[in-house]
Number of protein chains: 2
Amino acid sequence: MQPSTAAGNDVDPIIWRAIAGNSVQIPPVGSRVYYFPQGHAEHANSGSPVFLSLAIPPFILCRVLSVRFLADSVTDEAFAKIFLLPINQSDDNDVTINDDDADDDVEKDVVSFVKILTPSDANNGGGFSVPRFCADSIFPRLNFVAEPPVQNLVIRDIHGCIWEFRHIYRGTPRRHLLTTGWSKFVNSKKLVSGDSAVFIRKTRTGELYVGVRRATRGNDICQRWTSTLLRREQTSSAGTGEVRWRTGQGRVATEAVAQAAEMAARGMAFEVSCYPRAGWADFVVRAEIVEASSTMFWTVGTRVKMAMETEDSSRTACFQGTVSSVILPESGPWRGSPWRMLQAFEHGTVYDTALDLRVATEVVVEERTALKQLEFGRLSVVVVI
Amino acid sequence: MQPSTAAGNDVDPIIWRAIAGNSVQIPPVGSRVYYFPQGHAEHANSGSPVFLSLAIPPFILCRVLSVRFLADSVTDEAFAKIFLLPINQSDDNDVTINDDDADDDVEKDVVSFVKILTPSDANNGGGFSVPRFCADSIFPRLNFVAEPPVQNLVIRDIHGCIWEFRHIYRGTPRRHLLTTGWSKFVNSKKLVSGDSAVFIRKTRTGELYVGVRRATRGNDICQRWTSTLLRREQTSSAGTGEVRWRTGQGRVATEAVAQAAEMAARGMAFEVSCYPRAGWADFVVRAEIVEASSTMFWTVGTRVKMAMETEDSSRTACFQGTVSSVILPESGPWRGSPWRMLQAFEHGTVYDTALDLRVATEVVVEERTALKQLEFGRLSVVVVI
DNA sequence: TTGTCGGCCATATGCCGACAA
DNA sequence: TTGTCGGCATATGGCCGACAA
């Protein structure tokens with residue numbers, strides 16, 4: 001099975017990471033991971049996958065053979081295709097090439113800024129109000145002696161397509177704005193208020209990039225606090241029909257899940273597409289994390305803490321909670337599966353950001369979590385406290 | 001395996017048939033059919049499917065367990081989900097409920113009209129020039145004493161969504177036009193000149209329906225005579241990106257093909273999605289047709305005739321030709337497969353329509369055909385002459 | 001510092017009859 | 001009968017500073 005190229009060209013990993021979010025974890029080539037078919041199935045776009053053989057283990061140890069960083073041609077979402085080879089438990093040493101230093105270097109090579117779009121930003125006929133920090137740190141400096149100070153920005157999106165924006169500093173009081181070109185971008189990407197725009201600058205070359213993140217709605221706990229309902233959906237029966245892809249939850253074909261699980265269970269190399277989205281669980285998890293968790297004695301009352309990024313990636317906040325139930329299926333096809341074995345009750349959380357997380361303090365977190373389930377914004381790690 | 005419901009609601013079979021085209025053949029529930037994995041694979045949207053087991057027979061006898069008439073939520077194409085159970089050759093009697101009479105009755109219950117859109121019809125800011133016959137036979141009669149004669153039409157599309165069009169009879173000389181509402185429809189359905197609109201009226205209730213058929217381009221012989229190139233594609237790198245689905249050829253996920261073929265080979269019930277499109281071969285074919293063809297001694301020089309509908313379904317035309325080669329693979333995974341075993345050379349064709357088929361008289365038909373391959377417009381049957 | 005609003009201008013949309021194929 | 005065009009009215013897009021949060 002060759003990794004298919006039909007989904008488009010590979011994305012520069014540096015840009016990919018900046019657009020997907022800095023806390024997204026993609027296991028490096030050579031590392032050991034566990035593949036969770038149940039988690040994969042949760043990403044299917046319709047129904048439950050059909051497994052030809054009934055004996056699909058709940059988790060399968062694999063080695064990462066390759067990783068491709070890609071972009072969804074319809075939604076612009078960053079996603080990764082990971083090529084996995086099932087391996088034995090005894091094969092327990094990572095063969096990762098340790099290039100952490102190199103990674104750090106290149107990561108410092110970009111600077112990025114995320115803004116959640118206001119209604120004014122996303123309105124038809126409107127421009128984009130550029131926060132001061134973005135204008136100063138990302139965009140080229142304007143010539144402020146001109147009247148008005150103005151320049152044309154040439155920015156590439158995740159596909160490498162070029163977009164042009166007029167960047168002007170005007171108004172009383174003065175502020176930075178993107179005018180001409182912005183509206184076309186918003187319409188083309190089908191952005192609505194609540195979505196985010198990511199502006200990225202490669203510090204060495206000065207090249208500019210722009211990415212989008214869709215507002216997380218319609219999944220799990222996120223659904224409860226969001227006040228923006230299905231504004232992207234067809235509002236009247238005679239609507240334009242152009243935004244229908246918004247209704248689909250999963251991004252992965254049901255049959256692709258079934259096929260991957262089948263091949264994994266047979267010990268054959270297989271490929272999975274991972275869409276890192278807030279509120280969706282990773283189903284390919286570093287083996288070290290799974291193994292550390294499996295040695296933990298989970299019991300009701302265990303207190304846990306979860307670090308996660310806010311939606312605009314500007315800060316990291318914490319969930320704190322108590323495990324309220326531990327469920328390991330005792331029968332059925334998934335007997336003994338740790339997937340979503342934990343359910344936590346959240347309490348007494350201290351946040352260092354106010355806006356986005358405040359409503360969540362009032363709800364019971366019902367997600368069952370093995371390790372990385374309670375995503376909100378993006379979860380980075382679970383710590384027992 | 002339950003037929004999934006995620007693709008949308010079922011379409012009224014009468015409306016479905018009128019929109020798909022009257023010559024589209026969907027095998028009835030209970031009938032025996034042959035499933036051709038190779039033909040199915042030709043409908044995959046990327047690469048070649050991965051077959052887990054290598055022994056996939058080239059054709060598998062099945063019984064039709066159920067048929068669902070559906071509509072693609074993105075392209076509005078009519079397609080069918082057919083649920084098939086592999087059966088033995090000895091199980092040779094159809095269990096079809098003979099409801100031909102009933103079918104005939106209901107088919108007479110609708111009247112439809114197809115028009116290929118002119119540039120003026122598909123232009124932005126333009127209306128739709130309603131042919132006289134359509135206005136007379138499909139739309140409600142206007143009040144011609146009014147000045148101008150005008151009415152509002154309320155028409156449902158294949159999804160049941162309501163569209164409103166202003167139908168006016170004006171101009172000098174007088175003619176029927178759809179004005180207000182038409183442009184929104186064209187933009188929403190992404191119609192371009194060359195595509196077709198189908199207007200349907202249920203004679204009993206007077207209810208109106210509208211469907212679309214995309215111009216057949218990019219496949220086989222159709223590609224050679226069409227002069228309209230990829231006008232729907234993104235023209236600039238900063239384009240809107242809204243028409244990208246036009247680039248995809250197949251409509252079926254590669255993994256779905258692999259899974260269906262696997263299950264068919266194992267004798268398990270499976271489901272396939274069939275998109276009846278001109279230029280694409282049916283991969284689920286009535287058993288009687290396949291068996292009749294397999295008793296035929298095919299040889300180079302055999303003269304064949306093929307009836308087919310013109311694109312606007314108004315008339316039936318004929319291809320005539322001579323078999324120029326007969327190829328049965330002698331080795332490889334598809335040894336002995338009849339799929340596309342015939343290649344025909346076209347000659348001396350007599351058409352009873354002029355416009356759409358005339359260029360095809362000048363080309364060599366290179367398609368290899370088992371039975372139903374030389375689709376142009378829509379092929380209905382091959383006859384040895 | 002930055003989100004939203006009303007004003008105002010430019011452009012695009014879209015209805016029309018004229019005319020010709 | 002019907003496809004295409006130019007004219008013209010109107011709607012929408014989109015840039016602007018004012019003002020307030």
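Protein chains get the first letters and strands the later ones, always in sequence-line order, with residue 1 at the start of each.
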### Message
Check this for me: does any side-chain nitrogen of one of A/K189 and A/E77 sit under 4.0 Å from a carboxylate oxygen of the other?
### Response
no
#### Entry: Pairwise side-chain contact, A/K115 with A/D121, heavy-atom cut-off 4.5 Å (strictly under)
yes
### Closest listed nucleotide, where the reference is the side chain of B/P119 and the choices are D/dT4, C/dC15, C/dG3
D/dT4
### Query
Nearest to the side chain of B/S183 - D/dC19, D/dC15, C/dG14?
C/dG14
### Query
Given that both distances must come in under 3.5 Å, which nucleotide forms a Watson-Crick or G-U wobble pair with D/dA20?
C/dT2
### Query
In the structure shown, which nucleotide is the Watson-Crick or G-U wobble counterpart of D/dC15, with both distances under 3.5 Å?
C/dG7
### Query
Of all the nucleotides listed (C/dC15, D/dA18, D/dT4), which has the minimum atom distance to the side chain of B/T179?
C/dC15
### Message
Nearest to the side chain of B/P131, heavy atoms from C-beta on, is which of D/dA18, C/dC15, D/dT2?
### Response
D/dT2
### Query
Does any nucleotide pair with D/dA9 by Watson-Crick or G-U wobble geometry, both distances under 3.5 Å, and what is it?
C/dT13
### Message
OP1 or OP2 of D/dT1 versus the side-chain N and O atoms of B/R174: is any pair under 4.0 Å?
### Response
no
### Task
Can you check whether any acceptor in the base of D/dG17 is under 3.5 Å from a donor in the side chain of A/R175, or vice versa?
no
### Message
Does C/dG17 have OP1 or OP2 under 4.0 Å away from a side-chain N or O of B/T172?
### Response
no
### Query
Where the side chain of B/R166 is defined as all heavy atoms beyond and including C-beta, which of C/dC15, D/dT2, D/dA18 is the nearest nucleotide?
C/dC15
### Query
Angle class for the B/F113/B/F133 ring planes (parallel below 30°, perpendicular above 60°, tilted otherwise)?
tilted
### Task
May I ask you to say what B/T118 touches in the nucleic acid, namely base, sugar-phosphate or nothing, with a heavy-atom cut-off under 4.0 Å?
sugar-phosphate
### Query
If only side-chain N and O atoms of B/T180 are considered, is one of them under 4.0 Å from the OP1 or OP2 phosphate oxygen of C/dC15?
yes
### Query
With respect to the phosphate group of D/dT2, does any side-chain polar atom (N or O) of B/S129 fall under 4.0 Å of OP1 or OP2?
no
### Task
Could you tell me whether the phosphate oxygens of C/dG3, OP1 or OP2, come under 4.0 Å of any side-chain nitrogen or oxygen in A/K115?
yes
### Query
Does A/R156 come within less than 4.0 Å of A/E164, counting only side-chain N to carboxylate O?
no
### Query
Which nucleotide sits closest to the side chain of A/P173: C/dG17, D/dG17, C/dT2?
C/dT2
### Query
Once you round to the nearest 0.5 Å, how far does CD of A/E207 lie from CD1 of A/I155?
12.0 Å
